[in-house]
2 protein chains.
Amino acid sequence: MIKVKGADAGVGAMNRRKILQAAEKCFAQFGLKGTAVQLIADEAGLPKTNVLYYFKTKQELYVAVLEETLSLWNSHFDKATVNDDPAMVLAAYIAEKMEVSRTHPLASKIFAMEIINGAQNLSGYFDEEHALWMQGRLAVIDAWIAAGKLPPIEGEYLLYTIWASTQHYADFSAQITRLRGKKMTKADFENATKQVIKLVLGGCGLAVPEAFKE
Amino acid sequence: MIKVKGADAGVGAMNRRKILQAAEKCFAQFGLKGTAVQLIADEAGLPKTNVLYYFKTKQELYVAVLEETLSLWNSHFDKATVNDDPAMVLAAYIAEKMEVSRTHPLASKIFAMEIINGAQNLSGYFDEEHALWMQGRLAVIDAWIAAGKLPPIEGEYLLYTIWASTQHYADFSAQITRLRGKKMTKADFENATKQVIKLVLGGCGLAVPEAFKE
DNA sequence: GCAGGTTTTAAGCAATTTCTAAGAAAGTCT
DNA sequence: AGACTTTCTTAGAAATTGCTTAAAACCTGC
């Protein structure tokens with residue numbers, strides 16, 4: 001049997017995953033420059049040189065982590081069309097993004113830091129993939145408005161608001177936890193999700209679908 | 001005449017300010033660990049040892065920068081009471097925060113990174129000052145609701161949404177700029193402010209005051 | 001069991017970086 | 001002018017860190 005590089009079984013693949021997971025944790029807490037390869041190695045329970053065997057440079061490992069996070073952002077919203085109901089689509093999109101914040105807070109933090117620091121490692125993503133996605137989604141929103149399914153609104157700022165208010169629960173969890181005195185539970189997240197949906201849909205002049213009501 | 005330390009005139013004070021400004025820029029882009037003192041010195045146009053003369057350690061300089069940013073977050077909302085009009089107060093609060101995002105994006109970024117990284121240097125701030133502030137503001141919101149001036153809503157999540165959607169324009173400016181293809185102008189910010197106000201107040205079931213309408 | 005590779009490890013180089021030591025220069029007050 | 005403080009500079013110690021080298025250990029198919 002021929003050994004396939006990058007397969008998800010075998011020693012190599014398992015170590016790769018262990019390293020990526022450890023790196024995610026470290027990068028989220030200390031940033032790219034602030035994270036020593038040794039730290040990632042300790043976190044992964046491997047010698048430093050072994051980490052560098054799988055990822056030649058720290059930068060390469062960082063980009064690998066970053067790319068993994070980008071894949072998290074696929075959503076049902078990607079495929080929505082004029083024929084869909086904006087209230088349902090937007091509510092579901094918000095719920096999806098809240099769920100990512102709850103289940104993958106580290107990935108969200110790394111992405112946030114990368115952007116705050118100027119997004120040098122995401123130029124390709126922004127200029128191609130993401131910009132096109134945005135164009136398509138804005139077109140759908142405008143089509144909804146033209147069809148009278150959605151009161152007039154600027155889609156651009158609507159999307160920014162959705163991103164901001166959902167990612168906030170991952171990125172700023174330290175602040176939220178400190179203010180509440182305790183971590184947000186899954187139930188808290190469900191409640192927060194309903195509140196965000198209510199705020200955003202209400203702001204758009206849309207009624208909240210039954211499935212997302214409190 | 002006795003020389004007063006920390007006065008805002010004289011060589012020392014001027015250099016302190018130059019250093020703080022340079023440090024703000026560097027920390028926002030590279031983070032605490034990612035910023036070398038030498039870099040700050042270059043940015044400030046001073047020798048490295050001179051920077052360390054004014055701030056004994058990099059950490060001390062970082063905390064000084066951080067504390068400066070905290071002072072930016074005073075707001076008229078701090079003093080609002082039940083007797084005020086929630087729509088006016090909240091709209092003004094959003095507008096204020098948007099203005100901070102426009103005029104002090106670097107400070108916002110540093111604060112954001114600090115929280116993403118676990119807010120180790122803000123424990124005092126959160127546990128005392130900020131938690132009390134939050135308690136007071138939530139009480140006002142609840143009082144508005146009790147007085148029938150504001151439809152029932154969870155103040156906590158409302159505040160999170162306001163923070164998130166306003167700070168987003170500072171913290172994620174790199175993403176926004178890339179998606180738009182150009183930087184947001186002052187006029188763009190005014191427009192964005194109106195949109196955020198419309199979304200949030202609409203979500204609360206409040207009418208947008210004339211002064212903040214588009 | 002051995003020849004091919006893959007994976008693991010120890011040792012360490014070269015560059016960077018924080019911070020100190022110590023004194024020179026400049027300014028300030030009496 | 002002379003004493004004193006503040007500011008600036010030079011030189012370098014001590015620690016950290018990314019990455020390399022090179023060899024050992026481990027597979028795996030035959």
Side-chain angles (χ1 to χ4, degrees), chain A residues 1-66 110 114 117 120-121, chain B residues 1-66 117 120-121:
Chain A
M1 177 209 164
I2 293 165
K3 197 62 168 298
V4 180
K5 242 192 178 172
D8 47 351
V11 187
M14 215 185 74
N15 278 347
R16 280 184 107 84
R17 242 175 314 165
K18 253 201 291 191
I19 293 168
L20 282 170
Q21 221 171 316
E24 186 186 37
K25 194 168 165 184
C26 297
F27 285 140
Q29 194 168 358
F30 305 106
L32 171 55
K33 276 208 146 190
T35 299
V37 177
Q38 182 67 64
L39 191 74
I40 298 173
D42 291 348
E43 183 73 33
L46 296 169
K48 182 177 62 168
T49 33
N50 204 356
V51 171
L52 289 169
Y53 166 71
Y54 287 102
F55 299 90
K56 271 182 215 114
T57 67
K58 183 166 80 162
Q59 175 82 18
E60 182 184 318
L61 173 52
Y62 176 72
V63 171
V65 171
L66 208 53
I110 289 172
E114 173 64 22
N117 294 341
Q120 304 292 333
N121 299 96
Chain B
M1 178 210 162
I2 292 165
K3 195 61 168 299
V4 181
K5 239 190 179 173
D8 48 351
V11 185
M14 215 184 76
N15 277 346
R16 279 184 110 83
R17 241 174 315 163
K18 253 200 293 191
I19 292 168
L20 282 170
Q21 221 170 318
E24 186 186 36
K25 194 168 165 184
C26 297
F27 285 140
Q29 193 168 0
F30 306 106
L32 171 54
K33 276 208 147 191
T35 299
V37 177
Q38 182 67 64
L39 190 73
I40 299 172
D42 291 348
E43 183 72 33
L46 295 169
K48 181 177 60 171
T49 35
N50 205 354
V51 171
L52 289 168
Y53 165 72
Y54 288 103
F55 299 91
K56 272 183 213 108
T57 66
K58 182 167 78 164
Q59 175 83 17
E60 183 185 317
L61 173 53
Y62 176 72
V63 170
V65 171
L66 208 52
N117 294 340
Q120 304 292 334
N121 299 95

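Bear in mind that the values here come from a model prediction, so they are computed numbers and not experimental data. Letters A, B, ... are given to chains in the order of the sequence lines, protein chains preceding strands, and every chain is numbered from 1.
For the pair Asn50(A) and dA10(C), the criterion of a side-chain N or O lying under 4.0 Å from OP1 or OP2 is not met. Between Asn15(A) and dT8(C), a side-chain N or O to OP1/OP2 separation shorter than 4.0 Å is present.
One atom, CD of Glu60(A), and another, C1' of dC19(D), lie 13 Å apart when rounded to the nearest Å. Rounded to whole angstrom, the span from the CZ atom of Arg16(B) across to the P atom of dT6(D) amounts to 12 Å. Between Leu46(A) atom CG and dT9(C) atom C1' there is a gap of 12 Å when expressed in whole angstrom units. Spacing between atom OH of Tyr53(A) and atom C1' of dT20(D) amounts to 16 Å, rounded to whole angstrom units. Atom OH in Tyr54(B) sits about 13 Å away from atom C1' in dT9(D), given to the nearest Å.
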Would you tabulate the side-chain donor-acceptor contacts of residues 36-48 of chain A under 3.5 Å, counting partners in other chains and residues two or more places apart, or write 'none'?
{"residue": "Gln38(A)", "atom": "NE2", "partner": "Asp42(A)", "partner atom": "OD1", "Å": "3.0"}
{"residue": "Glu43(A)", "atom": "OE2", "partner": "Lys25(A)", "partner atom": "NZ", "Å": "3.0"}

Inset, instruction - Indicate for each nucleotide in nucleotides 13-19 of chain C, in 5' to 3' sequence, whether protein heavy atoms under 4.0 Å reach the base (B), only the sugar-phosphate (S), or nothing (-). - result: -----BB
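Residue pairs meeting the salt bridge (charged side-chain N to carboxylate O under 4.0 Å, His left out) criterion with at least one partner in residues 28-38 of chain A, sequence neighbours excluded, do not occur; the list is empty.
Taking Glu24(B) as the reference, nothing meets the side-chain hydrogen bond (donor to acceptor under 3.5 Å, both in side chains) condition, with sequence neighbours excluded. Annotation: side-chain hydrogen bond (donor to acceptor under 3.5 Å, both in side chains) contacts of Tyr53(A) (sequence neighbours excluded): none. Annotation: side-chain contact (heavy atoms from CB on, under 4.5 Å) contacts of Gln59(A) (sequence neighbours excluded): Leu32(A), Thr57(A), Val63(A), Asn121(A).
Here the side chains of Leu61(B) and Leu20(B) are in contact, with some heavy-atom distance below 4.5 Å.
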